[in-house]
Peer 1: 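The structure follows.
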Protein chains: 2
Amino acid sequence: MDATVRSGPDAERARATVEAGLSAGEVVSLFGRCRVTYDGRASSRLETGDRLLLLKPDGTALVHTAAGHQPVNWQPPGGEHEPTVDSEGLVVASTRSGAEETLLVRFETVAQVTRYPADEGSGPTVEGTEADLKERVLTEPELIEAGFEPRATERDTPAGAVDVYGVDADGRTVIVELKRRRAGPDAVGQLRRYVEALRRDSHDAASIRGVLAAPSVTNQARELLAEEGLEFVAVEPSVEGT
Amino acid sequence: MDATVRSGPDAERARATVEAGLSAGEVVSLFGRCRVTYDGRASSRLETGDRLLLLKPDGTALVHTAAGHQPVNWQPPGGEHEPTVDSEGLVVASTRSGAEETLLVRFETVAQVTRYPADEGSGPTVEGTEADLKERVLTEPELIEAGFEPRATERDTPAGAVDVYGVDADGRTVIVELKRRRAGPDAVGQLRRYVEALRRDSHDAASIRGVLAAPSVTNQARELLAEEGLEFVAVEPSVEGT
DNA sequence: GATTCTATCTCGCTG
DNA sequence: CAGCGAGGTAGAATC
């Protein structure tokens, strides 16, 4: 049972197992040879091959091959699975009604079907995110520069919410855009929009500084910063055991 | 075998199956109760719960719960899996040597282990991507506007490669940024950078137009376009059966 | 529901 | 190898 399966259930038994598992709120996995078609926001075709189909009670469907992090085809949560058997064998259709989206997995052979009553559980606690970096900056403002005083986070501007908003030792406004990893042109674009939005509403544009705080920046990002008169400060995303 | 499993293999049998499957280049899946810890680019902790662990021969590890498209924990391709048994039971470690990254899955109970010789196969053929939209614009330039003549795609600028580069009926340069779905501020940022880069190298900045072509734009994106003197053109991503 | 942004993003491509 | 941008991105937070 826990070794390679040489002959699988026939199509109707597989269908019944899928249906029973899903209606019991269980996770169902199928290994087998199949073709896959998707039509919706785009459309895709996948020729016959050996794959794993993972079906979740929330409507999620994932088709995985032997390589890669990403599923080769999928359906996001919110839809429904419908296993049927036609003259060619087992077909699992996963559809999202709202969006006109359909994933069809047509099995040539089903090597194994497994159902398992997994709980949804709670998500993982993750550390080292951008939110954590923000906390660090708030408790250690000198990470940005000596004399920096944070005044607000997620402060609204016409261009969106600023990560950290504060003042420097000279009383000038400082807008900080945080990135937990190497920052590219997109990060500069964000910072620039926030700074310009505030400068537009200010009588003294020069008193508003923009600071990109990240572990490092790409060259292009550095050039963009220079063009816009913005600054870069190196901050490590997390330290852990140092 | 294809119904709910009430009692699973003991830890050592599970370990042996995982090892045998992986060394044979097969995909291995384990259903069971486990705790998960990840340390690397960030760190995360996941308390005991029922989950599916999917192990691929390329080093990919995916931990899935009963809900959601995304794995609740994972390891990208490129590493190695090492199943061991200690006093508490089966532990699967997936590590990426280059990056200092480790995913540890410690099983309290293993309900089922399955190995399956899936081929990697070839990826799906996808239609309706941005590349397809670009093809449409090249064969039907009037989608942008009457008289538009594409001259190049992926044309290099100091700020990156422009999607479509051409001239309008009046001989002015037109830079087109394509998006297959509703465009936001980031798309305007890209277009803006390309246009400014070209204007900087031009003696006649006004002769360079920037066009964002997408199914629609958000309000903020529209405002940004207006501020920068850029334009919007509505194009549908794909038509299929019309 | 629409908008905006993060992500342990992943992935592919290009220099 | 880095850098840049796409993705059927998904997911969260906010309005």
Side-chain angles (χ1 to χ4, degrees), chain A residues 38-44 60 62 67-78 96 98-103 123-124 126-134 154 156 159-163 177-187 189-190 193 216-222 237-238, chain B residues 38-44 60-63 67-78 96 98-103 123-124 126-134 154 156 159-163 177-187 189-190 193-194 216-221 237-238:
Chain A
Y38 159 79
D39 286 289
R41 287 169 287 177
S43 55
S44 81
T60 302
L62 303 169
H69 165 102
Q70 298 265 168
V72 71
N73 260 135
W74 70 94
Q75 189 71 283
R96 289 211 298 178
E100 200 65 42
E101 278 192 299
T102 308
L103 180 75
V126 184
E127 286 169 31
T129 64
E130 187 180 299
D132 292 315
L133 179 54
K134 183 165 64 184
E154 308 304 326
D156 261 344
V162 164
D163 281 345
E177 174 66 27
L178 295 171
K179 291 295 163 193
R180 68 175 299 283
R181 46 175 197 163
R182 192 168 174 82
D186 53 337
Q190 274 181 50
R193 277 163 39 219
S216 58
V217 274
T218 67
N219 278 338
Q220 194 178 40
R222 193 180 290 278
S238 75
Chain B
Y38 160 78
D39 285 289
R41 287 167 287 178
S43 55
S44 80
T60 302
L62 303 169
V63 180
H69 164 104
Q70 298 264 170
V72 70
N73 263 132
W74 71 92
Q75 189 71 282
R96 290 210 300 176
E100 200 65 41
E101 275 191 300
T102 309
L103 180 75
V126 185
E127 287 170 30
T129 63
E130 186 179 298
D132 293 317
L133 179 55
K134 184 165 64 184
E154 307 304 326
D156 261 343
V162 165
D163 282 344
E177 173 65 28
L178 294 170
K179 290 295 164 196
R180 68 175 300 282
R181 46 176 195 163
R182 190 169 175 82
D186 54 336
Q190 272 182 51
R193 278 164 33 220
Y194 302 147
S216 58
V217 272
T218 67
N219 277 337
Q220 194 178 135
S238 75

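In what follows, chains are A, B, ... by sequence order, proteins preceding strands, each numbered from 1.
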Peer 1: Please classify the nucleic acid contact of A:Glu154 as base, sugar-phosphate, or nothing, using heavy-atom distances under 4.0 Å.
Peer 2: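 No contact.
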Peer 1: Would you classify B:Arg96 as touching base, sugar-phosphate or nothing, given that sugar-phosphate means primed atoms plus P, OP1 and OP2, and contacts are heavy atoms under 4.0 Å?
Peer 2: nothing
Peer 1: Remember a base hit wins even if backbone is also touched, and classify A:Ser44 as base, sugar-phosphate or nothing at under 4.0 Å, heavy atoms.
Peer 2: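 Nothing, no nucleic acid heavy atom in range.
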Peer 1: Identify whether any heavy atom of A:Arg182 sits under 4.0 Å from a base atom; if not, whether one sits that close to sugar-phosphate; answer base, sugar-phosphate or nothing.
Peer 2: sugar-phosphate
Peer 1: Just call it for B:Gln75: base, sugar-phosphate, or nothing, with non-hydrogen atoms closer than 4.0 Å on any strand.
Peer 2: nothing
Peer 1: Is any N or O donor-acceptor pair between the side chain of B:Asn73 and the base of C:dT8 shorter than 3.5 Å?
Peer 2: yes
Peer 1: Using a 4.0 Å heavy-atom cut-off, does B:Glu177 contact any base of the nucleic acid, only the sugar-phosphate backbone, or nothing at all?
Peer 2: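 Sugar-phosphate contact only.
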Peer 1: Looking for any heavy atom pair under 4.0 Å, which part of the strands does B:Lys179 touch: base, sugar-phosphate only, or nothing?
Peer 2: sugar-phosphate
Peer 1: Taking any heavy-atom pair under 4.0 Å as a contact, classify B:Ala159: base, sugar-phosphate, or nothing.
Peer 2: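 Contact class for B:Ala159: sugar-phosphate only.
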Peer 1: Would you kindly check whether a donor in the side chain of A:Gln70 faces an acceptor in the base of D:dG7, or vice versa, at under 3.5 angstrom?
Peer 2: no
Peer 1: Give B:Pro76 one of three labels, base, sugar-phosphate or nothing, depending on what nucleic acid heavy atoms sit under 4.0 Å from its own.
Peer 2: sugar-phosphate
Peer 1: By the 4.0 Å heavy-atom rule, please label A:Arg180 as base, sugar-phosphate, or nothing.
Peer 2: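 It contacts sugar-phosphate atoms only.
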